[in-house]
Amino acid sequence: MEYNPQSIERKWRDYWEKNEVYRVSNESDKPKYYVLDMFPYPSGAGLHVGHPLGYIASDIYARYKRMKGFNVLHPMGYDAFGLPAEQYAIDTGIHPSVSTDANIKQYRSQMDHLGFSFDWSREFRTSDPDFYKWTQWIFQLLFDSYYDTRADKAKPITELIAQFETSGSSGVKAASQNDKTFTADEWKAMGAAEQSDILTNFRMAFRKVAYVNWCEVLGTVLANDEVKDGVSERGGHPVEKRPMLQWSLRITAYAQRLLDDLKTIDWPDAMKTIQSNWIGRSEGAQMFFDLKGHDEKLEIYTTRPDTIFGATYMVLAPEHPLVDKITTEDQRAAVTKYLEYTNSRSERERMTEVKEVTGCFLGAYAKNTFTNTEIPIYIGEYVLMDYGTGAIMAVPSDDDRDFAFATKFDLPIIDVIDKSKYPGADRHDKLGIMINSGFLDGMEVPAAIELMLKKIEEQGIGQRQVNFRLRDATFSRQRYWGEPIPILYDADGVPQKVDLSQLPVELPPLDNFQPTADGRSPLARKTDWVNHDGMTRETDTMPGYAGSSWYYLRYMDAQNHDAFVSKSAVEYWQQVDLYIGGPEHGTGHLMYSRFWHKFLYDLGYVPTPEPFKKLINQGMIQGVIEFLYLSKSADEQKRFVSADQVNDSGDYARIPVFIDFVSDYGSKDSYLSPDGIRQFVEWRPDYADAVFVTADGEFKVGAMPVTFKFQTHSEVGKMSKRYFNVVNPDDVVDKYGADCFRMYEMFLGPLEHSKPWDTQGIDGVSKFLRKMWGLFYDKNGQFSVSDEAAKPEEMKVLHTVIKKVNSDIDRFSFNTCISAFMVATNDLKKLGTNKRSVLVPLVKLLSPFAPHVAEELWQQLGNEGSVTKVEFPTHDENFLKEDSITYPISINGKKRMTADFPADMSKDELEKAALALDDLQKWIEGKEIRKVIVVTGRMINVVV
RNA sequence: GCCCUUGUGGCGGAAUUGGUAGACGCGCUGGAUUCAAAAUCCAGUUCCUUCGGGAGUGGGGGUUCGAUUCCCCCCGGGGGUACCA
């Protein structure tokens, strides 16, 4: 019988579904293992061949772990709220729930054809009210909690209120922006609104006016990780900083723990550094400077207190609250003008014009108590309001930006560090000997920093402080398609939780998804929904990362109506053991999940401090992009130029072309034939009149010789709709089968690497599968397996592959597993093996990789039940023993010959035997043998 | 700029602790089969060569009997971040 993947795969897909083979129970005597993929956002484009890469790897690992005796949780679901579905709704009027539903059906069907062992009984989407009820519940938990910095954990806000009632604000150590002090009596005398205003400064989910990233086109606020290069990550629209009243999450309270606990998890170093840079811890001092003619003090933050003798001026952020107060009348006009300028600048402009120095003198002065001089105060764009205190002491001699600023505004520069002892050290390095610095002179920089910190604290003008770059996460989105924030405002505007019995706050139906003109969510139009029990609802919704911050916990107990996850389920599954997904989530999803998880851990809802024990980032599967060069010359005629005719002097636009039109696509010689050109202009009728220029002259469509070849330019890049280079897995599976597709994706290269898709290469894996199938069949196509005992060389082939596959799966090296299978199949074919004792373990070994064909062969071998339930084979070292070993023999480290010696030969015997070899004589004759290095079992090296 | 990561045949890649560089597959070349093609099978395939051998893992240097692997400097690709005081 021929190997027919289509019928085999259909048969076993049905069998698995009917028998619920992959259903997993929360009760088991076996050790648990939780393998998770980052769940997809179901976009309208469906899956392309790049998406399943991680899913295949995790599926192989999940199957392997099951066969190794683990109770494996391996679920899948959908991250279903988000901007694209809503933008689509604005464009087409189709409700996001409708398009999302259609997209999910498409994703599910595509995944079903790839043989994954997901437990679909645990499937959910984040837009299900049953799911987001608990997202809202966690939000309320955040609202109801504060961070006790003394205990270093989050606690119920009721404990803080109790403290206020007994001793007021004194003795409270908590993460907050609160600057009010009050006694217990004062607290009790306050009204509800006033108490609420104070408490919001402590809550883990809180409302405050903050400079946020406002995106006009999307009509919403965005978190820092949703802004890339000054434009929105989704859509690339301009973003500006705007003060707005927003919900935020106090992730900064966890900055130190998020940083410290990176040491405890098995993640790629790259991902750990991304996170630790994002958290951005720095150690320094907070200092107060006296202001000339004002009672207020100017508070600054510096990491270089040692350089204070070089501080010749101060710079405030333009938004700094003191600016208005301390600006002198002389400078008022100039300052106002400068503020107009900075307000007009978009984030994008600010970022792209970093080199440009701008600023304005306020007319005010501060006192540098160490140099005993009055130093001028400026405002400047390069000082950011939301880092540190929004003010700096400028030391032009030891900071590039301060230096540039001082040069432009002609401010004094005093060298305070002699770096001559450290050649190559620049301004950034904390190296050198202090000069021009009074009592610090002659000290090394690190010692000077330490001494200054002491002085500052002694004199009471400041204190040591650790700062983080990490900002609190804005949590409000002025959009429709997200979880409603479950908050009601009473007549005084005091926010109240929606009662648990009223959760979920369901998203009401809507047909106008356009953002409102006043920057509120489209939900604000739904007044009958907004007004509720004499209160008004919060109309903002949660951001995309809300549901994904805890979804991995829901799989543990997906149907639970009474809790986000039951105590027993989370005690059993603990945390995700292996998490596979793309590296693009380092500062977003992976940061927020760690934060939410730690928060839930503090309150006793989860038993572990980290959500994901081990993380692997799979690489991207790239596509070939084919471009046509379109001449940008001014004349009317559209001229395409063959890639071999393109010269440096010309100016060309690169037009991506659908790869199916291109012959030999992906190669250096990729080209459009006359037929390809015909397809191209049918697809892009605006080019119907275009001229195509090759070495042979200029041609128009329909007037080309048969031999006409128009060269295209090939590049490796992203697989994407806009490059018309998407390869759909369905097409590949239809032709070769899911088993072949799975193995080929793994065979392509190491999981973590990005690599280009090459449809041609799949033939190799396809041939392998047929060859392996052929081992079970005789010349006449009859299933034929022998019960004879296997020969030692057959057992050796088998146990070699068993050993290799076991160790390679353990280190996630799936590509070398596939090679090992190919080698074994080639060897067994040469040996003519059809012994049951060899083929049975081989089928088991193959089943995590190619589950359908393994089930089929398992059944044909006469077994009952699924091969996925049997034990994974382990090797026996006895079958691998060799009588003799082929030693490479090198002269001075260069291999010259090989020789076989018995495996049990000793070092001395090997040396003697090697030196006696005839072939060796011509290399050593006339030379002195200085040394012979023998590594038993490996090699022999003769040094002459 | 800073941080991380990566560089091996025409291509994807292998070499797990310093020990036969190029496993496995694609592609290519030749042959068998075929009227022919596809498919299949067999052989070859790092480069140079006077056929002795020589060179070779981005480039240069070093450690070592021996380096793709360790160390130093430089160059290229990918990613992160970016006035963070």
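Excluded from the calculations below are hydrogen atoms, water molecules and symmetry mates; all remaining heavy atoms, backbone and side chain alike, are included. Per chain, numbering begins at 1; letters A, B, ... match sequence-line order.
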TODO: May I ask you to evaluate whether A:Arg401 reaches the phosphate of B:C84, defined as a side-chain N or O under 4.0 Å from OP1 or OP2?
DONE: yes

Task: Listed nucleotide nearest any side-chain atom of A:Asp808, set B:U16, B:G19, B:C65 - done: B:U16

- [ ] Indicate, with a heavy-atom threshold strictly under 4.0 Å, whether A:Val315 touches base, sugar-phosphate, or nothing.
- [x] nothing

- [ ] Say whether A:Ser884 and A:Asp900, considering side chains only, have a donor N or O and an acceptor N or O under 3.5 Å apart.
- [x] no

Task: Spacing of A:Lys430 atom NZ and A:Thr307 atom OG1 [to the nearest 0.5 Å] - done: 10.5 Å

Open item on the list: Reading RNA chain B from 5' onward, which residue's closest nucleotide shows up sooner: A:Ile933 or A:Val823?
Closed with: A:Val823

TODO: Give a yes or no on whether A:Arg938 atom CZ has more than 12 heavy-atom contacts from other residues, nucleotides or ligands under 6.0 Å away.
DONE: no

Open item on the list: Syn or anti for B:G52, given that syn means the glycosidic angle lies within 90° of 0?
Closed with: syn

Task: Short side-chain to backbone donor-acceptor contact, A:Thr302 and A:Arg304, under 3.5 Å - done: yes

Open item on the list: Is B:G9 syn or anti, taking syn as a glycosidic angle within 90° of 0?
Closed with: syn

Task: side-chain N/O A:Lys755 vs B:G12 OP1/OP2, d < 4.0 Å - done: no

Open item on the list: If the cut-off is 4.0 Å, is A:Ser282 near the phosphate of B:A85, judged by side-chain N/O to OP1 or OP2?
Closed with: yes

Open item on the list: At less than 4.0 Å, is any side-chain N or O atom of A:Asn815 found next to OP1 or OP2 of B:A23? Yes or no.
Closed with: no

- [ ] Scan A:Met939 against the nucleic acid and name what it touches under 4.0 Å (heavy atoms): base, sugar-phosphate only, or nothing.
- [x] base

Task: Closest nucleotide among B:A85, B:C26, B:C65 to the A:Tyr387 side chain - done: B:A85

Open item on the list: In this structure, how many angstroms lie between the C1' atom of B:G13 and the CD atom of A:Glu745, rounded?
Closed with: 16 Å

Open item on the list: Expressed as a whole number of angstroms, how long is the span from A:Tyr744:OH to B:G25:C1'?
Closed with: 8 Å

- [ ] Please determine, for the side chain of A:Glu381, which listed nucleotide (B:C83, B:A85, B:U5) has the closest atom?
- [x] B:C83

Task: Counterpart base for B:A82, defined by Watson-Crick or G-U wobble contacts under 3.5 Å - done: none

Task: Nearest-angstrom distance from the residue atom CE of A:Met822 to C1' of B:G13 - done: 12 Å

Open item on the list: Does A:Arg594 qualify as a cation-pi partner of A:Trp267, given the criterion of NZ or CZ under 6.0 Å from the six-membered ring centre and within 45 degrees of its axis?
Closed with: yes

Task: A:Ile274 CD1 - B:A82 C1' separation (whole Å) - done: 14 Å

- [ ] For A:Trp757 and B:G25, give me the distance from atom CH2 to atom C1', rounded to whole Å.
- [x] 14 Å

- [ ] In whole angstrom, give the distance that lies between atom CG of A:Leu748 and atom C1' of B:A14.
- [x] 15 Å

Task: G-U wobble or Watson-Crick pairing nucleotide for B:G18 (cut-off 3.5 Å, both distances) - done: none

- [ ] Could you please name the option among B:C41, B:U81, B:C65 that lies closest to any side-chain atom of A:Trp278?
- [x] B:U81

Open item on the list: Under a 3.5 Å cut-off for both contacts, is B:U45 paired Watson-Crick or G-U wobble with anything, and if yes, with which nucleotide?
Closed with: B:G27

Open item on the list: Tell me whether the side-chain N/O atoms of A:Asn467 come closer than 4.0 Å to OP1 or OP2 in B:C84.
Closed with: no

Task: Side-chain N or O of A:Arg469 closer than 4.0 Å to phosphate OP1/OP2 of B:A82 - done: yes

TODO: Remember a base hit wins even if backbone is also touched, and classify A:Lys272 as base, sugar-phosphate or nothing at under 4.0 Å, heavy atoms.
DONE: nothing

Task: Touch class at under 4.0 angstrom, heavy-atom based, for A:Arg896 against every strand present - done: sugar-phosphate

- [ ] Using a cut-off of strictly less than 4.0 Å, decide whether A:Tyr301 has a side-chain nitrogen or oxygen near OP1 or OP2 of B:A85.
- [x] no

- [ ] State which residue, out of A:Trp773, A:Phe768, A:Tyr736, fulfils the ring-ring contact (aromatic ring centres under 6.0 Å, His included) condition with A:Tyr3.
- [x] A:Trp773

Open item on the list: So if I take every side-chain heavy atom of A:Thr303 and compare against B:C41, B:G27, B:A85, which nucleotide ends up nearest?
Closed with: B:A85

Open item on the list: Does the structure show a Watson-Crick or G-U wobble partner for B:U40, both distances under 3.5 Å? Name it, or say none.
Closed with: B:A32

- [ ] Give A:Lys895 one of three labels, base, sugar-phosphate or nothing, depending on what nucleic acid heavy atoms sit under 4.0 Å from its own.
- [x] base

Task: Pair A:Asp808-A:Thr816, side-chain donor/acceptor within less than 3.5 Å - done: yes

- [ ] Assign each of A:Pro583 and A:Ile392 to its nearest nucleotide of RNA chain B by heavy atoms, then name whichever residue's nucleotide is nearer the 5' end.
- [x] A:Pro583

Open item on the list: What's A:Asn277 touching, base or sugar-phosphate or nothing? Going by heavy atoms closer than 4.0 Å.
Closed with: sugar-phosphate

Task: For atom CD1 of A:Ile889 and atom P of B:G19, their distance in whole Å - done: 18 Å

Open item on the list: Categorize A:Glu584 for me: base, sugar-phosphate, or nothing, with a 4.0 angstrom heavy-atom threshold over every strand shown.
Closed with: nothing

Open item on the list: Taking atom types as they are modelled, would you say the side chain of A:Lys804 forms a donor-acceptor pair with the base of B:U16 within the 3.5 Å cutoff?
Closed with: yes

Task: Backbone of A:Leu798 reached by a side-chain donor or acceptor of A:Asp827 within 3.5 Å - done: no

Open item on the list: If you compare every side-chain N and O of A:Lys771 against the phosphate oxygens of B:U40 (OP1, OP2), does one of them come in below 4.0 Å?
Closed with: no

Task: Distance in angstrom units between A:Ile379 CD1 and B:A85 P, rounded - done: 22 Å

- [ ] Classify the nucleic acid contact of A:Leu384 as base, sugar-phosphate or nothing, counting any heavy atom under 4.0 Å across all strands shown.
- [x] base

- [ ] Could you check whether A:Pro750 gets within reach of a base, just the sugar-phosphate, or nothing at all, counting any heavy atom under 4.0 Å?
- [x] sugar-phosphate

